[in-house]
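Below: the structure, in structure tokens.
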Amino acid sequence: MVRVTDWTAFALITLVGVVLFLSVDASGDFAINQDWVYSTPIGWWSQDGRIALTDWQTAPLLPQIAAGILWSEVFGFSHAALRTLTLALAMLTILSLYGVARRLGLPSGVALLGALLPLASPVFLGLSFTFMAEVPFAAVMILALYFFARSFTGGTEADFALGAICLLTATLFKPDALALALAVVIAEPAARGYSPLRMVRSLVLLAVSVGVCWIVPGVIDQNIGLPASFVDKAETIRHVFASALARETGTLYGVIAALLRFSALLGLFLLPMLTVIWPKRGRFGFFEYGLAAILIAALTYGSVSLGAGVFFPLSGDALTLDGLGPRRIEGPLQDGGNIAIAVTLLGHAMTVMAGFVAFRRGPPTDGANRLIALTAGFLLLAEIAGDGPFLDRHAVLPAILAALVVLARVRPDGTLRLGIATWVTLSGIAVSVVLVQDFFRWQDARYALISDMARGGATIDGGDEYNALGRLRSDPDTAFQLRNTTPIEGTIRIV
């Protein structure tokens, strides 16, 4: 077993963050996916102190915008500066994840492996170089989980209070944070025994969290105006599950497709841990392996039938709807359909085997493990209700937490297996870096072409990010009312 002190792990994680910062040139002054939705209000504030939100914002995200404003006051406003802030929050996520893993009783070497695992995901690492909301939200949620897990495992009431502060901060991001508030209520008795006083305290925290989620939209509406795209997540969840219970075919297919896609994505997320997850010889018999094969085949068939594979589209070459993938490959991906099916099958296989190995003795029973597992499950349900089958980046946080539960249940004890998993994880990080570098080189080339053509007097349809940001800059007084930014008919389109 690799022996690593906590301070050594902290230093290694910090070093990884520095290497990532130096490895990817994300200095281009352009938006990525929809992060212009959240960066534009910060730009308005930096220019003239104006407080406004764009029409496309679907959740409060107040801590992210406040952090962006403070960051811009120090370093100046630019897309590159805001990406640096997100990368710093990504490393806070990794450090907090290491702390949670240690609180689950994992040895430091195993905890370090679990903490670095998200960086081997090109989706998580790609998001770390944007100003999208997923990484900042994950940072606050996992920090809250660390303090709650610490309070569950010999900590003090001060730890619970710090967890509550982080949780309430997360509710100012979006209502999905209620998943953690509900998990605390259920999991704490398993960790510390039932206590009426502690139960009342947890229920009060849940009630306050619900109150914040209910009050904040009204405060925003009264002071700066609620964006037209703002989503009432509670109403959305209620509608989705009511439709599912009513057996509405479209809703049921959407929920099933989302679960299938999450299974495939979770398996790929777990892939670097193959050597520690794969069962030891003699642990499973013919029946278990046969059942696993049937489940893997059924899940893969369902994914293909419902178009819920890993790539977008199922025969495409992009890992996410945001376009992360080998974009510089000329022409369509050769034999893309079969590759997508094979990768989807691999993802399902990893998820099924991880489930067999991790839960063969039943679900988690100790409080900290149950807290992580319940939070992951409730978050996944909230994301499915809000985003249906489009779970690429929205699956990241539930996948991180699910992977941590699996690692805590498996508890790898072989030096060779753990060593191989560590090297595979580091290799995965290197591959993710290459993909993100490739993505930004493609974006640099794309925006250079757009700029050259625009200077020549051409009207350009440069896609959602370019068109929306251009309209926001040219007409800021009514920008939060603008809709339908693409396509622009009759113009040159840069894809």
Say you draw a straight line from CG of Leu205 to CD of Glu188; how long is it, rounded to the nearest 0.5 Å?
10.0 Å

Reported CG-to-OG distance for the pair Leu178 and Ser209, which is rounded to 0.5 angstrom
6.0 Å

Does some side-chain heavy atom of Leu291 sit less than 4.5 Å from a side-chain heavy atom of Glu288?
no

Do you know which two heavy atoms are closest between Gly28 and His79, and how far apart they sit?
O-CB, 4.1 Å

Result for side chain to side chain contact (heavy atoms under 4.5 Å, CB included) between Ile13 and one of Leu92, Leu95, Leu119, Thr8 points to Leu95

Chi angles and distances behind the side-chain contact (heavy atoms from CB on, under 4.5 Å) call for Phe269, Val123:
CA-CA 10 Å; Phe269 189 86; Val123 180; over 6 Å; no

Looking only at non-hydrogen atoms, find the nearest pair between Ile277 and Ala354 and report the distance.
CG2-CA, 3.6 Å

So do Leu97 and Pro118 actually touch side chain to side chain, heavy atoms under 4.5 Å?
yes

Just by modelled atom types, is the Ser128 backbone N or O under 3.5 Å from a matching donor or acceptor in the Thr86 side chain?
no

Does Glu383 pair with Lys174 as a salt bridge, N-O distance under 4.0 Å?
yes

Inter- and intrachain pairs under salt bridge (Lys or Arg N to Asp or Glu O under 4.0 Å), touching residues 87-109, at least two apart
Asp6-Arg102

Side chains of His348 and Ser263: do they bring a donor and an acceptor to under 3.5 Å?
yes

Side chain to side chain contact (heavy atoms under 4.5 Å, CB included) filter on Leu61, not counting sequence neighbours, yields Tyr38, Gln57, Ala59, Gln64, Ala133, Phe173

Taking all non-hydrogen atoms of both residues into account, name the closest pair between Gly367 and Ala191 and its distance.
CA-CB, 3.5 Å

Can you pull out every side-chain hydrogen bond (donor to acceptor under 3.5 Å, both in side chains) where at least one residue sits in residues 423-433? Sequence neighbours excluded, please.
none

Relative to each other, are the rings of Phe152 and Phe148 parallel, tilted or perpendicular (30° and 60° limits)?
tilted

Pairwise distance CG(Leu397) to CG(Asp176) - rounded to 0.5 angstrom
9.0 Å

Nearest heavy-atom contact between Pro60 and Ile65 is O-CD1, 4.2 Å

Taking the side chain as everything from C-beta on, heavy atoms only, tell me whether Met350 gets closer than 4.5 Å to Leu274.
yes

In Å, rounded to the nearest 0.5 Å, how long is the span from OH of Tyr146 to OG1 of Thr93?
15.0 Å

Donor-acceptor contact below 3.5 Å, side chain Asp35 vs main chain Met132
no

With distance as the sole test, does Ser305 use its side chain to make a donor-acceptor pair with the main-chain N or O of Gly302 at under 3.5 Å?
no

In terms of heavy-atom contacts, Leu127 and Arg393 come closest through CD1-CB, 3.6 Å

Residue Tyr194 excluded, over 12 heavy atoms near OH under 6.0 Å:
yes

Judged by atom type as modelled, is there a donor-acceptor pair below 3.5 Å linking the side chain of Thr351 to the main-chain atoms of Gly347?
yes

Is there side-chain contact between Leu125 and Phe129, with at least one heavy-atom pair below 4.5 Å?
yes

Polar side-chain atom of Thr275 near backbone of Arg417 as donor-acceptor pair, under 3.5 Å:
yes

What are the two closest non-hydrogen atoms of Val184 and Ser202, and how far apart are they?
CG1-OG, 4.0 Å

